[in-house]
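So the structure is just underneath, and the comments pick up after that.
For the numbers below, each heavy atom of this structure counts, side chains included, while hydrogens, waters and symmetry mates do not.
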Amino acid sequence: MRFPQSSSPTSRRNLLLGTAAAGALFAAGCTSNENNDSDENSKQAANTANDKPGKAVTIGFAGPQADHGWLNAINEQAKRRAKEYKDVTLEITEGSNDTAQQIGQIETLINKKVDVLVILPADGKALTQVGLKAMRAGIPVVNLDRIFASPQAYRCWIGGDNYGMGLNAGRYIGEQLKGKKNAKVIELAGIDNLELTRQRTEGFNAALKNYPNIKKVGRQAAEFTVESGQSKMAQLLQAHSDFDALWNHDDDQGVGAERAIKQAGRDDFLMVGGAGAKHAMDAIKADNTVLKATVLYPPTMAASAIDLARALGQGKGVGGLAELEIPASLTLYSAVVTKDNVDEYLPTGFS
């Protein structure tokens, strides 16, 4: 299995196998002085997906409408990765935020008898039945990010860690403010009726509990848009004339938040973003605004989903793992990008 070419060596490990696992697993699979071990390694290598062309695989890809920078990056990552494999044909839908329409798009792919399906559902619960339909038709499903309501609806799930995203944002802010007495933080969340937003807030709150000197004094939920980010941030600034840090769940709505901050002439706090947009990383590198860090929710997961789908279609396992089958789930790590490591992660930033 290849990692996205845009990823650095460290972020490649973080994005798919985790910080410590990759090196250890590769070491465990290296050559041994024992002939039996060599034989086992040869067998394992033969059953591991690699860059060499193999059995032809048609992958159906269905996601929501790309009306957000992160979602557009998801589509681009999937298309770019599929082109790198001579043995992969990608059937990609237009995408829709309408549940019925996305179900219809997926059913079309099922009727085309694609070998594997990669699905990022607009609503995981609402699309569970079509995932089950594909699995019952003998088409393995890679469930991308927003999870189906039943594990029977997919063969493998891969996605981001929303709780971990909030946890790492809170830890970063906590470490920056741990020496300040009676520190105050505020939160600009995403869409509150989404489980992912609740998970991010839960992780953030859990991290802050480790810093008794810090109190969260305000929170507003935006809608992952520039406009909502600007209006909700303006409300927070008006309500709180004094605070030390802000966590914004999403770098797209963060564009609006930064506009509101600039219009208010405020520079007396630090800001942490979310997801890993390129404009956020550029600002972090320039180090001339309140934005000092962003917590990743990497869209490279779509490229890795294509890797997993190809391995499934070819009946292969994952390089670096001892098992002959791909895992049932993979949770990506939410790294914190600061001016100290931004150059490493800049190639993964999305527009």
Worksheet item: Would a distance-only check, ignoring hydrogens and angles, find a side-chain to backbone donor-acceptor pair under 3.5 Å from Asp250 to Gln253?
Response: yes

Discussion item. Testing the 3.5 Å rule here: is there a donor-acceptor pair between the side chains of Tyr297 and Asn162?
Written reply: yes

Worksheet item: Taking side chain as C-beta onward, heavy atoms only, is Ile103 less than 4.5 Å from Ile106?
Response: no

Practice prompt. Measure the spacing between CD1 of Ile59 and OH of Tyr85 and express it to the nearest 0.5 Å.
Written response: 8.5 Å

Practice prompt. Measure from the side-chain N and O atoms of Arg155 to the backbone N and O of Ile139, and report whether any donor-acceptor pair falls under 3.5 Å.
Written response: no

Worksheet item: Judged by atom type as modelled, is there a donor-acceptor pair below 3.5 Å linking the side chain of Thr108 to the main-chain atoms of Gly104?
Response: yes

Worksheet item: Quick one: do Lys55 and Asp87 make a salt bridge, cutoff under 4.0 Å?
Response: no

Fill in: Electrostatic pair Asp242:Arg266 at N-O distance under 4.0 angstrom
no

Item to complete: Determine yes or no for a side-chain-to-main-chain donor-acceptor pair under 3.5 angstrom, with Asn213 supplying the side chain and Lys181 the backbone.
Response: no

Worksheet entry | For Ala56 against Asp115, the heavy-atom pair lying closest together | O-OD2, 4.1 Å

Fill in: Residue pair Asp67, Asn97: steps toward the side chain to side chain donor-acceptor pair (under 3.5 Å) verdict
CA-CA 9 Å; Asp67 54 0; Asn97 292 328; 2.9 Å; yes

Worksheet item: Any idea which heavy atoms bring Ile306 and Leu90 closest together, and the distance?
Response: CD1-CD1, 3.9 Å

Item to complete: Kindly compute the distance separating CG (Asp267) from OG1 (Thr289), expressed to the nearest 0.5 Å.
Response: 10.0 Å

Practice prompt. For Lys316 and Gly313, indicate whether the former's side chain and the latter's backbone hold a donor-acceptor pair under 3.5 Å.
Written response: no

Worksheet item: Are Arg146 and Asp123 within salt-bridge range, i.e. N to O under 4.0 Å?
Response: no

Discussion item. Could you see if Val116 belongs to whatever hydrophobic cluster contains Ile119? Use Ile, Leu, Val, Met, Phe, Trp, Tyr and a side-chain cutoff under 4.5 Å.
Written reply: no

Response to the item:
One should read off an interatomic distance between Glu223 CD and Glu227 CD, to the nearest 0.5 angstrom, of 9.5 Å

Item to complete: Answer yes or no: is there a side-chain heavy-atom contact under 4.5 Å between Val290 and Phe269?
Response: yes

Practice prompt. Measure the spacing between CG of Asn111 and NZ of Lys113 and express it to the nearest 0.5 Å.
Written response: 7.0 Å

Worksheet entry | Of Asn248, Thr338, Asp251, the residue whose pairing with Thr294 passes side-chain hydrogen bond (donor to acceptor under 3.5 Å, both in side chains) | Asp251

Worksheet item: Is a side-chain donor or acceptor of Thr128 paired with a backbone partner of Ala149 at a separation under 3.5 angstrom?
Response: yes

Response to the item:
Nearest heavy-atom contact between Ala62 and Thr93 is CA-OG1, 3.5 Å

Worksheet item: Are Leu312 and Leu120 connected in a single hydrophobic cluster, I mean Ile/Leu/Val/Met/Phe/Trp/Tyr linked by side-chain heavy atoms less than 4.5 Å apart?
Response: yes

Practice prompt. Classify the ring geometry between Phe224 and His68 as parallel (under 30°), tilted (30 to 60°) or perpendicular (over 60°).
Written response: perpendicular

Worksheet entry | Interatomic distance, Leu246 atom CG to Ile261 atom CD1 [nearest 0.5 angstrom] | 5.5 Å

Discussion item. Looking only at side-chain N and O atoms, does Lys216 offer a donor or acceptor that is under 3.5 Å from a partner on Asn205?
Written reply: yes

Worksheet item: How long is the gap from CG on Leu117 to CG on Asn143, to the nearest 0.5 Å?
Response: 11.0 Å

Worksheet item: More than 12 heavy atoms of other residues, nucleotides or ligands under 6.0 Å from CD of Glu107: is that the case?
Response: yes

Practice prompt. Please test Met281 against Leu296 for side-chain contact (heavy atoms from CB on, under 4.5 Å), starting from the C-alpha separation and ending with a verdict.
Written response: CA-CA 11 Å; Met281 294 193 196; Leu296 295 186; 3.8 Å; yes

Fill in: Worked verdict on Leu177 versus Val185 for side-chain contact (heavy atoms from CB on, under 4.5 Å)
CA-CA 10 Å; Leu177 301 180; Val185 302; 3.9 Å; yes

Worksheet item: Given Glu195 and Ile147, is the side-chain contact (heavy atoms from CB on, under 4.5 Å) satisfied, shown in steps?
Response: CA-CA 10 Å; Glu195 180 65 18; Ile147 195 165; over 6 Å; no

Worksheet entry | Transitive ILVMFWY side-chain link Val342 to Tyr345, under 4.5 Å | yes

Fill in: Whether Asn168 side chain and Ser334 backbone form a donor-acceptor pair below 3.5 Å
yes

Practice prompt. Step through the shown structure and confirm whether more than 12 heavy atoms of other residues, nucleotides or ligands are within 6.0 Å of CD on Glu76.
Written response: yes

Discussion item. Walk me through whether Asp192 and Arg219 qualify under salt bridge (charged side-chain N to carboxylate O under 4.0 Å, His left out).
Written reply: CA-CA 11 Å; Asp192 258 346; Arg219 181 184 187 275; 2.8 Å; yes

Worksheet, complete the sentence: Smallest heavy-atom separation, Val272 atom then Leu291 atom, equals C-CD1, 4.2 Å

Practice prompt. Please tell me if the side chains of Leu308 and Ile158 come closer than 4.5 Å, counting only heavy atoms from C-beta onward.
Written response: yes

Discussion item. Is the shortest side-chain heavy-atom distance between Leu71 and Gln65 below 4.5 Å?
Written reply: no

Worksheet item: So, do Met135 and Gln152 sit near enough that their side-chain heavy atoms are less than 4.5 Å apart?
Response: no

Response to the item:
Nearest heavy-atom approach of Val318 to Pro327 is CG2-CD, 3.8 Å

Discussion item. For Arg259 and Val226: C-alpha separation, side-chain torsions, deciding distance, then whether side-chain contact (heavy atoms from CB on, under 4.5 Å) applies.
Written reply: CA-CA 9 Å; Arg259 287 178 185 171; Val226 174; 3.5 Å; yes

Worksheet item: Hey, are the side chains of Tyr154 and Val142 touching, using non-hydrogen atoms and a 4.5 Å cut-off?
Response: no

Item to complete: State yes or no: do Leu270 and Val336 share one hydrophobic cluster built from I, L, V, M, F, W and Y residues joined by side-chain heavy-atom distances below 4.5 Å, directly or via other members?
Response: yes

Worksheet entry | Enclosure of Glu94 CD (heavy-atom neighbours >12, cutoff 6.0 Å) | no

Discussion item. Please determine whether a side-chain nitrogen of the Lys or Arg among Asp287 and Lys339 lies less than 4.0 Å from a carboxylate oxygen of the Asp or Glu.
Written reply: yes

Practice prompt. Identify the two heavy atoms, one from Ser96 and one from Ala122, that lie closest to each other, and give their separation to 0.1 Å.
Written response: O-CB, 3.9 Å

Item to complete: Kindly indicate whether the side chain of Lys133, heavy atoms from C-beta on, has any atom under 4.5 Å from the side chain of Arg136.
Response: no

Worksheet entry | Same cluster (ILVMFWY, side-chain, under 4.5 Å), Leu132 and Val141 | no

Item to complete: Sort out for me which residue in His249, Arg200, Gln220 forms a side-chain hydrogen bond (donor to acceptor under 3.5 Å, both in side chains) with Glu187.
Response: His249

Worksheet item: Are any side-chain N or O atoms of Trp247 and backbone N or O atoms of Gly166, one a donor and one an acceptor, separated by less than 3.5 Å?
Response: no

Worksheet item: Salt bridge check: are Arg81 and Asp307 linked by an N-O gap of less than 4.0 Å?
Response: yes

Worksheet item: Hey, does the side chain of Thr225 reach the backbone of Ser228 with a donor-acceptor pair shorter than 3.5 angstrom?
Response: yes

Worksheet entry | Any side-chain heavy-atom pair of Leu144 and Phe61 under 4.5 Å | yes

